[in-house]
Amino acid sequence: METNDTGGKLLDRLGRPIEDLRVSLTDRCNLRCTYCMPREMFGPDHAFLPRHELLSFEELARVLAAFVDLGVTKLRLTGGEPLLRKDLPDLIALLSPLEGLQDIALTTNGILLPRVADQLAEAGLDRVTISLDALDDETFRKTADTPLSVDAVLAGVDAALAAGLQPVKVNSVMQRGVNDHQIEDLAGWARDTGVTLRFIEFMDVGTTNGWIRERVVPAAEIHERINARWPVEPVGATADGSAEGASTDGAGRSEVAERYRYLDGGGEVGIVASVTRPFCRTCVRARLSAIGELYTCLFAAKGHDLRAVIRDGATDQQLRDAISAVWLARSDRASELRAEGGLTGERVEMSYIGG
Ligand code: SAM
Ligand code: SF4
Ligand code: SF4
């Protein structure tokens, strides 16, 4: 295997190890969040991936074992909506014995969680992150483009807590003029419920979500509003006084949120400043699409076909070599380039690559 001189660690061209892998299990979803799968683009005529194209659980277990051998310690199963993949606990059961794997997490919209949370926990799932952008039905229905009510997601949060899939995190993507009036309500709810909230800046992932910079609510503003209501202090401060993701919450080094602690003991809140304070320098994250393409950046236009490698009968060593070759050549830093004014061109959709 080709390696660079790194004390055994596989490092990319900017010296970043591969530690965290996000795995999209499907490109389908039971919601149509306007910033992710706008219905005009993902309507009845949209060609979703046919089933036989998706990696089977056995193929996933094999390819993910190769990633773990190469240094990945943290897996996050996502999509699309990963709970649409039938028998998901069977996949978790295949993955949880992998030696070297420290953390298996799931990102979900939560709606199907009440049915399977216990089975997922029993199979070895460590944690869940549930996406919820508003607590009032009107805003929720508008952002998720669904007739369902917020209660459907809250039932998922309850199920995750009851199943012990802790710490339960909740992601809220903020868009100005759409749901930013919910910042304090969401923070207050999370404090009361005992979940860890992460506000996420609206990103220009893909090319169909109508992203404009004016819609981004900057992390600094979110911080200011929360701090005005419930004073916070950074968990691990940076030179500019903002908080820096530390590595002490079970999420490990790949935590990308700026973390803040409530001074009154109300727990923690995080903000992911992907747009206004990019963190490419420390990005240790790879992504695998549902059909087995390896992407080295959320904003990449193309992936590297690992499914062909395994379906062509490669040995485990050949599979590891294929992954290593891609990582060794990696030099992505798209969010930094955006900040420098240079992000243009084709990009893959988030529901495809895995959020
Ligand atoms: N369906 C699952 C869910 O919503 O949690 C998993 C997949 S979803 C693509 C993963 C995460 O990406 C969600 O928290 C979602 O809010 C976030 N996301 C999607 N599009 C985004 C965008 N344009 N900017 C920021 N976050 C986005
Ligand atoms: Fe579906 Fe998640 Fe995208 Fe919303 S954010 S449309 S729930 S994949
Ligand atoms: Fe990592 Fe790409 Fe995001 Fe930068 S833009 S943090 S390299 S995924």
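Positions are given from 1 along the sequence. Just so you know, ligand 1 is whichever comes first in the structure, and atom 1 is the first atom listed for that ligand.
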Student: For the residue pair Gln182 and Thr139, confirm or rule out a side-chain donor-acceptor distance under 3.5 Å.
Tutor: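 There is no such pair (donor and acceptor under 3.5 Å, judged by atom type) between the side chains of Gln182 and Thr139.
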Student: Verify, without hydrogens or angle tests, whether Arg141 (side chain) and Pro147 (backbone) share a donor-acceptor contact under 3.5 angstrom.
Tutor: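 Pair found, side chain donor or acceptor close to backbone of Pro147.
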Student: For atom 22 (C) of ligand 1, tell me which residue out of Met203, Met37, Arg76, Arg22 has the closest non-hydrogen atom.
Tutor: Met203
Student: How many protein N, O or S atoms sit closer than 2.8 Å to atom 1 (Fe) of ligand 3?
Tutor: 1
Student: For Asp145, is there an ion pair with Arg32 - N to carboxylate O distance below 4.0 angstrom?
Tutor: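 Looking at Arg32 and Asp145, the cut-off is not met.
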Student: For atom 1 (N) of ligand 1, tell me which residue out of Ser274, Gly80, Gly79, Cys29 has the closest non-hydrogen atom.
Tutor: Gly80
Student: What protein heavy atom sits nearest atom 1 (Fe) of ligand 2, and how far off is it?
Tutor: Cys29 SG, 2.3 Å
Student: When you measure from the heavy atoms of Gly79 to every atom of ligand 2, does any distance fall below 4.0 Å?
Tutor: no
Student: Which of the atoms in ligand 1, numbered in the order shown and given with their element, are less than 4.0 Å from a heavy-atom of Val173?
Tutor: 16 (O), 25 (C), 26 (N), 27 (C)
Student: Below 3.5 Å, N or O to N or O, backbone or side chain included: is there any such pair between Thr108 and ligand 1?
Tutor: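 In this structure, Thr108 places an N or O atom under 3.5 Å from an N or O of ligand 1.
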Student: When clusters are formed by joining ILVMFWY residues with side-chain heavy atoms under 4.5 Å apart, either directly or through shared neighbours, do Leu77 and Val168 land in the same one?
Tutor: yes
Student: Which ligand 1 atoms are under 4.0 Å away from a heavy-atom of Glu201?
Tutor: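 By the 4.0 Å cutoff, the relevant atoms are 25 (C).
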Student: Could you check whether Thr296 and Asp332, counting side-chain N and O atoms only, form a donor-acceptor pair closer than 3.5 Å?
Tutor: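 Asp332 vs Thr296: donor-acceptor pair found between side chains.
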Student: Please determine if Glu81 has a nitrogen or oxygen closer than 3.5 Å to a nitrogen or oxygen of ligand 1.
Tutor: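 Among all N and O atoms of Glu81, at least one is under 3.5 Å from an N or O of ligand 1.
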Student: Return the closest protein heavy atom for atom 19 (C) of ligand 1 as residue, atom name and distance.
Tutor: Tyr35 CE1, 3.5 Å
Student: Report the relative orientation of the aromatic rings in Phe48 and His46; use parallel for angles under 30°, tilted for 30 to 60°, perpendicular for over 60°.
Tutor: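 The arrangement is perpendicular - the two ring planes meet at more than 60°.
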Student: Among all the protein's non-hydrogen atoms, which is closest to atom 17 (C) of ligand 1, and how far away is it?
Tutor: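 Here the closest protein heavy atom is Met350 CE, 3.6 Å.
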Student: Just by distance, no angles: are the side chains of Glu81 and Thr108 close enough, under 3.5 Å, to form a donor-acceptor pair?
Tutor: yes
Student: Any donor and acceptor pair, going by atom type alone, linking the side chain of Asn109 with main-chain N or O of Ile111 inside 3.5 Å?
Tutor: yes
Student: Indicate yes or no for a side-chain donor-acceptor contact from Arg307 to the backbone of Glu59 under 3.5 Å, with no hydrogens or angles considered.
Tutor: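 Such a contact is absent between Arg307 side chain and Glu59 backbone.
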Student: Write out the residue and atom name of the closest protein heavy atom to atom 3 (Fe) of ligand 2, then the distance separating them to 0.1 Å.
Tutor: Cys36 SG, 2.4 Å
Student: Angle class for the Phe202/Trp211 ring planes (parallel below 30°, perpendicular above 60°, tilted otherwise)?
Tutor: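 Phe202 vs Trp211 ring planes: tilted.
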Student: Nearest protein heavy-atom contact for atom 5 (O) of ligand 1: which residue, which atom, what distance?
Tutor: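 For this ligand atom, the closest protein heavy atom is Ser131 OG, 2.5 Å.
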Student: State whether the side chain of Arg39 and the backbone N or O of Pro44 hold a donor-acceptor pair below 3.5 Å, judged by distance alone.
Tutor: no
Student: Taking all non-hydrogen atoms of both residues into account, name the closest pair between Asp133 and Thr143 and its distance.
Tutor: CB-OG1, 4.2 Å
Student: Near Asn109, which atoms of ligand 2 are under 4.0 Å from a heavy atom of that residue?
Tutor: 7 (S)
Student: Is the closest heavy atom of Ser172 to ligand 1 under 4.0 Å?
Tutor: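 Judged by the 4.0 Å heavy-atom criterion, Ser172 does not count as contacting ligand 1.
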Student: Should Glu268 and Lys169 count as side-chain neighbours, where that means a heavy-atom distance under 4.5 Å?
Tutor: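 In short, these two side chains do not touch, never coming nearer than 4.5 Å.
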Student: Just which atoms of ligand 1 are under 4.0 Å from any heavy atom in Thr78?
Tutor: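 Reading through ligand 1 atom by atom, the close ones are 6 (C), 7 (C).
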Student: Please state which part of Cys33 comes within less than 4.0 Å of ligand 2, counting heavy atoms only: side chain, backbone, both or neither.
Tutor: both
Student: So which heavy atom in the protein is nearest atom 10 (C) of ligand 1, and how far is it from that ligand atom?
Tutor: Gly355 CA, 3.7 Å
Student: If only atom types and distance count, is the side chain of Trp327 paired as donor or acceptor with the main-chain N or O of Arg16 below 3.5 Å?
Tutor: yes
Student: Please check this pair: side chain of Asn179 against backbone of Ala134, looking for a donor-acceptor N/O pair closer than 3.5 Å.
Tutor: no
Student: Could you tell me which atoms of ligand 1, counted from 1 in the order shown, lie closer than 4.0 angstrom to a heavy atom of Asn109?
Tutor: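 Listed by number with element: 2 (C), 3 (C), 5 (O).
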Student: Check ligand 3 against Phe299 and write out every atom of the ligand that is under 4.0 Å from a heavy-atom position of the residue.
Tutor: 5 (S)
